[in-house]
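Numbers for residues simply follow the sequence, beginning at 1.
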Amino acid sequence: MTVIYVIVKMLTLPGAVTHAFFEHMCCRMSKIIVDDARVIQTNEMLSHVDHELVKRRGASFDICFIPFLFNLFLGIIALSYGAAMIYYFSNFKSAFAWICLYLGISLCANLFPQVEDVAMLRENIYKRKKGLAAKIFVSPFYAVFFVGAYLEKFGLTLITSVAFSFAVPYILGWFIPSLYRVMA
């Protein structure tokens with residue numbers, strides 16, 4: 001399990017580094033002590049920073065959500081160009097399109113927080129007696145983070161990111177009709 005995890009993270013190193021950067025930035029903004037900021041390690045901390053346990057529920061949500069959001073946003077931007085040019089316009093000679101496709105897959109393969117961070121989010125949100133609105137608001141995010149954290153733990157996010165890269169031009173075709181007409 002750890003060997004597959006490390007191999008997938010090394011293959012998608014640009015996305016792993018950006019996820020660790022955004023996670024470190026969230027820890028600094030929330031005044032959470034970072035114990036180990038090394039990004040490239042050969043264990044389960046690859047692409048994550050080692051920080052103390054989060055006691056505040058807002059900070060717990062931020063550490064899970066903000067790196068997810070930024071990696072997703074940057075990954076979709078890179079995948080939009082790379083996947084459209086390579087998969088659907090058959091422009092196999094464009095080096096920039098291949099780089100964008102690789103960066104997009106790399107960023108999308110490193111979206112999710114660690115299992116421990118998701119467990120802290122659950123404990124900080126659901127174990128308290130107050131805040132029903134917060135529990136309702138966070139529940140869909142918690143479900144996505146929970147499933148994604150386990151997919152990432154077993155190295156399956158690379159497969160889901162490659163599959164997502166095939167779907168991105170079709171998804172864009174719904175929002176950009178002229179692109180859909182060219183692909184059809």
Legend entry - Pair His19, Glu152: side-chain N/O donor-acceptor within cut-off below 3.5 Å: no
Inset, instruction - Check whether any side-chain heavy atom of Ile33 lies under 4.5 Å from a side-chain heavy atom of His51, and answer yes or no. - result: no
Inset, instruction - Would you check if Leu156 and Tyr150 make a side-chain contact, meaning some heavy-atom pair closer than 4.5 Å? - result: no
Legend entry - Residue pair Pro169 / Ser165: nearest heavy atoms and the distance that separates them: CD-O, 3.5 Å
Legend entry - Ser161 side-chain N/O to Cys108 backbone N/O, donor-acceptor pair under 3.5 Å: yes
Inset, instruction - For residues Ile86 and Asn91, determine if any side-chain heavy atom of one lies less than 4.5 Å from a side-chain heavy atom of the other. - result: no
Inset, instruction - Consider only side-chain N and O atoms of Tyr102 and Thr12, and report whether a donor and an acceptor are under 3.5 Å apart. - result: no
Legend entry - Tyr5 side chain reached by Phe154 side chain, heavy atoms, under 4.5 Å: no
Inset, instruction - State, with a plain yes or no, whether a side-chain heavy atom of Leu79 is found less than 4.5 Å away from one of Ile105. - result: yes
Legend entry - Side-chain heavy atoms of Asp62 within contact of Met29, under 4.5 Å: no
Legend entry - Thr18 side chain vs Gly15 backbone, donor-acceptor pair below 3.5 Å: yes
Legend entry - Test item: Phe141 and Phe68 side chains (from C-beta on) under 4.5 Å apart, heavy atoms: no
Legend entry - Candidate list Tyr87, Tyr88, Phe96, test ring pair (Phe, Tyr, Trp, His ring centres under 6.0 Å), partner Tyr81, passing option: Phe96
Legend entry - Over 12 foreign heavy atoms within 6.0 Å of CZ, Phe73: no
Legend entry - Contact check, side chains of Val138 and Phe61, non-hydrogen atoms, under 4.5 Å: yes
Legend entry - Modelled atom types, side-chain donor and acceptor of Asn110 and Thr157, under 3.5 Å: no
Legend entry - Among Ile63, Val118, Leu121, the one residue meeting side-chain contact (heavy atoms from CB on, under 4.5 Å) with Pro113: Val118
Legend entry - Linked, directly or transitively: Ile159 and Leu103 (ILVMFWY side chains, under 4.5 Å): no
